[in-house]
Amino acid sequence: MPLTRRDFAKHSAATGAGVALAGSVGVLGTAPGALGSEPGDTGEADAGRKAGYGPLVADPDGILALPAGFSYRIITRSGVTRLESGEYTPSNHDGTAAFEGPRGVTLLVNNHELKGPRADWDHPVPLTDGLVYDPAASGGCTVVEVHRHGQVAEWVGIAGTSTNCAGGSTPWGTWLTCEESEDRAGEHGMTKDHGYVFEVDPQDRRANRAPRPVKALGRYAHEAVVVDQRRGHLYLTEDASGPNGLFYRWVPPHGFRHGRGRLRTLADDAGVLQAPKCFDSGGRFVDDLSRATRTGTVYGVDWVDVPDRDARTKPVRKQFADGEVTRARKLEGMWWADGGAYFVSSYAREESPVAHDGQVWFYDPRRRTLTLKVLLGVNRNPGEDGAFDGPDNITVSPYGGLVIAEDGEGVQHLFGATDTGETYPIARNDLNIGTAAEPEFSEFTGVVFSPDGRTLFANIQEPGIMLAITGPWRRQR
């Protein structure tokens with residue numbers, strides 16, 4: 001049932017929709033079961049402490065700057081470490097999820113964002129027998145096993161997919177890998193259509209054989225996905241332009257029950273794929289999320305059915321006329337927490353109504369509202385260390401607030417944002433892949449905590465390095 005303008009106006013009056021909050025970012029939620037104070041600790045000792053862990057210390061090895069007391073370990077590195085089968089670790093690490101494996105093992109599913117023909121890359125994902133969707137495509141996922149005493153093993157989870165960007169973990173312990181592509185068979189050397197979501201099981205290698213796209217979730221430039229376990233809905237982001245992309249909801253067919261491998265059993269047209277139509281507290285239609293210029297802004301959401309989810313004649317985002325749906329530029333990472341979906345719009349420029357260098361939104365399915373939680377103004381000096389821009393992959397921290405991977409201009413960081421509105425640096429990419437005269441630093445990707453909360457995993461996308469960061473983590477207030 002649509003959320004009426006009158007209903008939303010009443011709700012807005014009660015909740016203070018659109019009220020600006022102090023600081024550069026808004027109030028953030030924290031993960032259910034977040035790591036809190038020790039028994040008897042009131043938290044007063046932290047009352048005057050500034051957020052974060054202090055200034056970053058340059059890395060003498062030129063890879064990762066961290067606060068004092070923190071350290072990192074390289075888990076995989078493209079062209080250096082090897083898979084169980086003997087090939088080198090593929091390049092261009094992207095979205096990552098961490099799962100608890102047997103006997104203290106941490107299982108990490110790692111996307112490799114490799115686009116186009118295999119000949120374009122030195123280290124594509126190997127075409128492992130039985131795990132290949134399209135033998136012409138270079139992308140896919142690897143599964144990394146990090147054992148309790150430090151041993152590492154890596155193997156292919158899926159191959160022959162394209163531009164595996166982000167994705168999302170499921171409550172039943174699998175990974176949904178997303179193709180940020182719209183290539184059809186015959187385009188850019190591909191032999192099959194691309195732009196789909198695939199399920200990868202890190203616990204059961206046999207379950208990954210004969211990969212099949214989940215076509216019910218649509219064919220478009222997928223970025224990330226999260227699961228609403230209570231309602232069975234999936235939410236997805238699209239990183240596309242001309243026109244700007246969309247935030248999607250997939251509603252399962254009546255009687256469908258989620259579980260391991262169940263998505264791949266769905267008919268191609270199962271359920272309903274929908275796009276949002278937002279309006280403000282005055283009932284006015286909102287054409288683009290960049291219109292929100294104050295943290296705390298709340299929009300009501302109606303959902304509009306997608307006419308042709310497989311984009312047989314026209315890309316999904318182009319199937320809607322002006323005034324039918326709400327768009328946003330560069331919709332990226334997502335994370336499910338606090339009963340809803342956090343998702344990112346990395347930046348907006350001339351293609352959008354209002355410019356910014358990053359937004360984080362929270363969709364509340366119970367209230368059917370979107371709330372702007374983080375807003376980063378345009379960074380005028382991206383080459384200087386200090387300011388943050390271009391949020392991409394995100395995770396909700398067990399220590400409170402968010403941890404955000406930066407994919408902006410110039411210097412690249414992992415940074416945190418607290419539930420009281422402060423941002424702080426966690427790491428800086430010191431690996432210069434450019435020249436001394438024109439330095440270049442790759443984006444961070446795949447930020448995720450280990451199941452026990454002690455290790456923060458993150459990737460430097462180029463050349464492709466997975467890092468494990470440890471140190472004196474503490475509750476951020």
Side-chain angles (χ1 to χ4, degrees), residues 16 19-38 41-56 65-70 292 294-298 332-346 356-364 371-377 379 385-406 408 412-428 444 447-449 453-458 469-477:
V19 175
L21 303 179
S24 61
V25 298
V27 176
L28 298 172
T30 54
L35 303 180
S37 303
E38 294 296 323
D41 180 6
T42 64
E44 292 178 0
D46 290 338
R49 179 183 288 170
K50 187 178 180 180
Y53 302 95
L56 301 178
L66 293 167
F70 282 77
R294 295 188 300 175
T295 54
T297 297
V298 179
E332 298 274 3
M334 302 180 76
W335 198 267
W336 183 269
D338 308 318
Y342 290 92
F343 68 92
V344 166
S345 170
S346 276
H356 63 74
D357 256 336
Q359 296 176 326
V360 179
W361 289 88
F362 177 74
Y363 177 70
D364 185 333
T371 302
L372 182 59
K373 296 291 188 178
V374 176
L375 176 61
L376 302 176
N379 184 0
D385 194 13
F388 306 126
D389 57 42
D392 196 316
N393 289 177
I394 62 171
T395 188
V396 172
S397 170
Y399 302 92
L402 299 175
V403 176
I404 301 170
E406 192 175 16
Q412 307 290 337
H413 299 89
L414 297 175
F415 66 95
T418 73
D419 55 1
T420 56
E422 292 184 78
T423 57
Y424 58 92
I426 295 173
R428 183 184 65 241
F444 279 108
V447 59
V448 63
F449 276 92
R454 296 178 180 176
T455 303
L456 179 66
F457 294 98
I469 302 169
T470 54
W473 304 108
R474 67 170 183 264
R475 179 77 172 163
Q476 298 295 323
R477 302 182 186 279

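- In terms of the ring pair (Phe, Tyr, Trp, His ring centres under 6.0 Å) criterion, residue partners of Phe362 (sequence neighbours excluded) are, by chain and number, Tyr342.
- With sequence neighbours excluded, the residues that form a ring pair (Phe, Tyr, Trp, His ring centres under 6.0 Å) with Phe70 are Tyr53, Trp473.
- Rounded to the nearest 0.5 Å, atoms OG1 (Thr395) and CD1 (Ile404) are 10.5 Å apart.
- Closest non-hydrogen pair, Val403 versus Ser397, comes out as CG2-CB, 4.0 Å.
- Between atom OH of residue Tyr363 and atom CH2 of residue Trp336 there is a gap of 8.5 Å, rounded to the nearest 0.5 Å.
- Take Glu332 and apply the salt bridge (Lys or Arg N to Asp or Glu O under 4.0 Å) test, not counting sequence neighbours, and it matches Lys330.
- The side chain to side chain contact (heavy atoms under 4.5 Å, CB included) test applied to Ala458 returns Leu414, not counting sequence neighbours.
- Tested against Val344 for a side chain to side chain contact (heavy atoms under 4.5 Å, CB included), the candidates Asn393, Val374, Val360 yield a single pass: Val360.
- In this structure, Leu372 and Leu375 approach most closely via the heavy-atom pair CD2-CB, 4.2 Å.
- Listed here is the closest heavy atom pair of Met334 and Phe343: CG-CB, 3.7 Å.
- Side-chain N or O atoms of Arg474 include one that pairs as donor or acceptor with a backbone N or O of Gly52 at under 3.5 Å.
- You'll find the side chain of Leu56 reaches within 4.5 Å of the side chain of Pro67, heavy atoms only.
- Under the rule for a side chain to side chain contact (heavy atoms under 4.5 Å, CB included), the partners of Ala51 that lie at least two apart in sequence or sit in another chain are Thr418, Glu422, Tyr424, Gln476.
- With hydrogens and angles disregarded, a donor-acceptor distance shorter than 3.5 Å links the side chain of His356 to the backbone of Gly358.
- Scanning all heavy atoms of the two residues, the minimum distance from Gly69 to Pro472 falls at O-CD, 3.4 Å.
- The two residues Phe444 and Arg428 come nearest to each other via the heavy atoms CZ-C, 3.9 Å.
- If you take CD1 on Ile469 and CG on Leu456, they are separated by 5.0 Å, rounding to the nearest 0.5 Å.
- Under the side chain to side chain donor-acceptor pair (under 3.5 Å) criterion, Trp361 pairs with Gln359, not counting sequence neighbours.
- Residues Lys373 and Leu402 fail the side-chain proximity criterion, which asks for heavy atoms closer than 4.5 Å.
- Residues Pro398 and Gly453 approach most closely at CG-CA, 4.2 Å, considering heavy atoms.
- Val448 places a side-chain heavy atom less than 4.5 Å from the side chain of Trp335.
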